[in-house]
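Reading through the structure tokens given below for one structure.
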2 protein chains.
Amino acid sequence: MSSNTSRRRDITVADVAREAQVSKAQAARALGNYGAVSQDVRERVLAAAEELDYRPNELARSMNTGKSHTIGVVVGDIENPHFGLATRGITDIAKKSGFHVILINTDEETAAEVEAVRVLLDKRVDGLIVAPASSVETQHLQQVRESGRPLVLLDRKAGGLDVETVAVDMADISYDSTRYLLESGHRRIAFVSTLKTEEPYVAGMELDSSQISERLDGITRAFEAQGLPHPADLVRLNSGDAESIRKITVELLQGPDAATAIIASDGLVALSVVEAIQELGLSIPDDVSFLMYDDFAWTRLTTPPLTVISQPVYEMGMAAATALIRQIEGRKAPATAEPLNARLVLRGSVSAPRAVEIYN
Amino acid sequence: MSSNTSRRRDITVADVAREAQVSKAQAARALGNYGAVSQDVRERVLAAAEELDYRPNELARSMNTGKSHTIGVVVGDIENPHFGLATRGITDIAKKSGFHVILINTDEETAAEVEAVRVLLDKRVDGLIVAPASSVETQHLQQVRESGRPLVLLDRKAGGLDVETVAVDMADISYDSTRYLLESGHRRIAFVSTLKTEEPYVAGMELDSSQISERLDGITRAFEAQGLPHPADLVRLNSGDAESIRKITVELLQGPDAATAIIASDGLVALSVVEAIQELGLSIPDDVSFLMYDDFAWTRLTTPPLTVISQPVYEMGMAAATALIRQIEGRKAPATAEPLNARLVLRGSVSAPRAVEIYN
DNA sequence: TTGAAAGCGCTAACAT
DNA sequence: ATGTTAGCGCTTTCAA
């Protein structure tokens with residue numbers, strides 16, 4: 001239809017300027033809405049642009065202005081609904097503010113994260129949101145700071161870094177929910193997480209993940225508050241893939257000292273743990289109580305529906321993007337930082353253990 | 001630690017060249033690994049770059065080369081695990097080939113899609129992968145073609161567009177699975193989808209989504225093959241949000257002409273349908289049989305586990321990225337296009353309807 | 001308000 | 001192998 005079906009070279013401001021019979025500078029001003037342009041010139045330029053089907057080259061634009069209107073997002077696993085939802089929160093806010101998102105997946109590998117951050121910086125993103133794979137190895141994040149570009153941490157804190165962080169506080173909710181299990185009569189409470197560690201877990205060891213640290217601390221404190229020792233043998237980190245998690249679940253549930261309750265660290269872990277419990281022919285909560293982090297829709301469909309720790313994940317994503325964009329635009333942090341709180345949603349997967357022994 | 005803690009201006013090739021005492025061109029060649037550079041110069045340049053902590057400006061690089069090593073991905077809803085998984089397939093392949101991904105969400109709005117495509121083109125991405133919100137409104141996709149940049153369609157076909165498309169064929173699996181329901185004795189088979197349409201569904205109407213068209217066609221053909229008319233009153237499009245889907249489910253299951261089997265068009269729909277069935281106090285499959293598209297882990301955890309149509313979604317994402325990158329690199333399509341096939345996974349959610357009336 | 005000209009940081013063409 | 005000089009397409013001085 002269109003008179004012009006050429007495809008090779010893109011139309012540039014120079015082309016538009018020629019067509020509109022004005023200087024390149026005036027054409028650029030009209031097209032970019034800056035500087036002073038007379039009504040007459042503006043109209044001619046816009047008409048010419050329309051006619052020629054002009055499209056600005058955002059790369060060239062970014063080169064001059066130094067702004068790319070793009071933010072980089074680095075997460076461990078976009079396939080995990082936890083991050084999927086958070087990412088959605090980020091992109092929704094970004095779009096609303098005229099920013100775009102470059103997404104990079106790290107598979108929770110710090111090496112990949114270092115590379116991702118480097119690439120994004122090279123691409124001159126205006127800012128970065130990172131869910132750090134490690135709360136300890138953070139030199140590359142420190143470099144972001146030094147590059148002068150805004151950085152916001154998502155979901156996890158990073159030690160010793162002076163960086164704005166948007167994460168749900170896990171300490172209190174972990175304490176509270178462990179109390180709940182203890183008060184239901186449980187003493188053998190297991191915790192399963194895929195967090196990778198060099199060494200096997202021992203009480204009080206330093207962990208790579210602030211999230212898991214806070215949860216474990218909460219659990220320990222809850223036991224201590226009852227004057228009980230926390231059974232560290234039931235903490236299973238490095239739980240690995242689905243198959244491996246199922247195996248671990250089976251182990252936890254066997255022997256005289258079996259766990260009577262299991263806490264799954266995230267939705268992916270939960271899926272495998274519940275599957276293993278069902279395969280064992282055990283019943284929730286009669287044979288084993290179950291509690292998990294994150295409230296996904298499917299947790300209401302099992303029999304019984306699962307008791308969960310619900311986190312405002314979408315809101316966390318929104319908050320991170322809002323904070324980053326505020327930094328990019330050079331505005332100061334508002335005094336009112338509304339906290340992101342998790343809460344315990346009681347459904348049917350926790351009850352008293354089979355053989356109740358109350359010590360209080 | 002580092003001697004240099006300045007942050008303002010970025011280090012450029014010129015700086016490195018000065019430090020290494022060579023021309024800008026030689027420095028650039030050494031840093032970019034192109035042209036001819038002596039061993040001596042290369043070493044001095046690299047050392048200087050290291051010393052100054054030089055980082056290339058990819059924007060500037062892209063301006064000259066015309067390649068951004070970035071592909072744009074446009075999907076309707078990243079939060080939907082279907083697209084989450086496909087996106088993972090895309091990013092995995094992209095990373096392996098040295099490409100990065102800019103992701104844009106459209107909420108299945110064509111207007112947002114048009115905008116997204118425009119923006120990505122302006123950003124000079126090397127190519128685009130789009131899951132078109134509409135198989136009919138495709139002028140903007142046509143424009144991508146005219147811009148000369150590679151385009152691959154994901155998950156859905158677009159009418160009349162000569163574009164490489166990577167999608168699972170739904171016609172056969174829909175036919176087969178409907179046959180399965182029919183042979184189990186069902187006649188009142190409902191189909192629930194969130195697809196938005198202007199008008200209510202009537203048999204044979206043109207739909208915006210090739211996916212849904214193919215499924216509906218398959219269902220209709222299966223009925224016809226049995227010499228039965230397909231009950232179009234049980235096709236519920238525009239099912240909307242979770243609340244609305246629950247309402248629709250209740251309607252479908254009431255009255256003398258109630259559905260005896262329900263097919264959910266995707267995982268999100270399925271969640272709400274199953275929830276509604278449970279809220280009604282009905283049992284699957286005794287009171288109503290259930291079949292859904294996509295095989296997610298949670299479908300194995302319900303009681304009974306759900307019979308699903310499994311699609312190679314991750315592989316589809318990989319195939320789309322592979323095809324796009326092939327196009328970008330100017331290689332021709334291989335003769336061997338292995339097909340992406342869905343398959344019916346029989347679990348426990350389909351049985352004979354309560355009041356069986358066999359007509360064969 | 002306008003235009004000429006100088007960049008942004010890099011690659012590419014052309015000499016040498 | 002090296003350096004010089006143009007660009008890429010845009011924004012930004014700086015004069016006029």
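Chain A is the first sequence line, chain B the second, and so forth, proteins listed ahead of strands; every chain is numbered from 1. Since the model is a prediction, treat every value here as computed from it, not as a measurement.
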Seminar exercise, completed: Tightest non-hydrogen contact, residues B:R61 and B:L31, listed as NH2-O, 4.0 Å

For this session: Record whether the side chain of B:R55 comes under 3.5 Å of the base of C:dG9 through a donor-acceptor pair of N or O atoms.
Result: no

Problem set entry | Closest non-hydrogen atom pair between B:L85 and B:Y314, with its separation | O-CD1, 3.7 Å

Exercise. Should A:S38 be listed as having a side-chain N or O under 4.0 Å from OP1 or OP2 of C:dT2?
Worked result: yes

For this session: Examine the side chains of A:R42 and A:Q39 and answer whether a donor and an acceptor come within less than 3.5 Å of each other.
Result: no

Seminar exercise, completed: When rounded to whole Å, the CE to P distance for the pair A:M63 and C:dA6 reads 17 Å

Seminar exercise, completed: Of the listed C:dT11, C:dC10, D:dG3, the closest approach to the B:Q26 side chain comes from D:dG3

Exercise. With respect to the phosphate group of C:dG9, does any side-chain polar atom (N or O) of B:T12 fall under 4.0 Å of OP1 or OP2?
Worked result: no

Seminar exercise, completed: Side-chain atoms of A:R61 come closest, of C:dC10, D:dT11, C:dG9, to D:dT11

For this session: Counting heavy atoms from C-beta on, name the nucleotide in D:dT2, C:dT11, C:dT2 closest to the side chain of A:A36.
Result: C:dT2

For this session: Using the closest heavy atom to pick a nucleotide of DNA chain D for each, name whichever of B:D40 or B:R124 lands nearer the 5' end.
Result: B:D40

Exercise. On a plain distance test, is the side chain of B:R29 in donor-acceptor contact with the base of D:dG3 below 3.5 Å?
Worked result: yes

Exercise. Between D:dG9 atom P and A:L52 atom CG, what is the distance in whole Å?
Worked result: 14 Å

Exercise. Just how far, in rounded Å, is C1' of D:dC10 from CG of A:D10?
Worked result: 13 Å

For this session: Using the closest heavy atom to pick a nucleotide of DNA chain C for each, name whichever of B:E58 or A:Q39 lands nearer the 5' end.
Result: A:Q39

Exercise. Has the side chain of B:N64 got a donor or acceptor atom sitting under 3.5 Å from an opposite partner on the base of D:dG7?
Worked result: yes

Problem set entry | No-hydrogen, no-angle side-chain donor-acceptor test under 3.5 Å, B:D77 and B:H82 | no

Exercise. In terms of the nearest nucleotide of DNA chain D, which residue is placed more toward the 5' end: B:A60 or B:G35?
Worked result: B:G35

Problem set entry | Rounded distance (Å) that lies between atom P of C:dC10 and atom CG of B:L31 | 8 Å

For this session: Indicate whether the side chain of A:S135 and that of A:D208 have a donor and an acceptor atom separated by less than 3.5 Å.
Result: no

For this session: To the nearest Å, give me how far apart NZ (A:K24) and P (D:dT11) are.
Result: 11 Å

Exercise. In whole angstrom, what separates A:N57's CG from C:dC8's C1'?
Worked result: 13 Å

Problem set entry | Selected nucleotide, minimal atom distance to B:A25 side chain, candidates C:dT11, D:dT4, D:dG9 | D:dT4

For this session: Verify the distance criterion only: is there a donor paired with an acceptor across the side chains of B:K123 and A:S62 at less than 3.5 Å?
Result: no

Exercise. Which nucleotide in the list D:dG3, C:dG9, D:dT11 gets nearest to the side chain of B:S23?
Worked result: D:dG3

For this session: In whole angstrom, give the distance that lies between atom CG of B:L59 and atom C1' of D:dT11.
Result: 14 Å

Problem set entry | Rounded distance (Å) that lies between atom P of D:dT12 and atom OH of A:Y34 | 6 Å

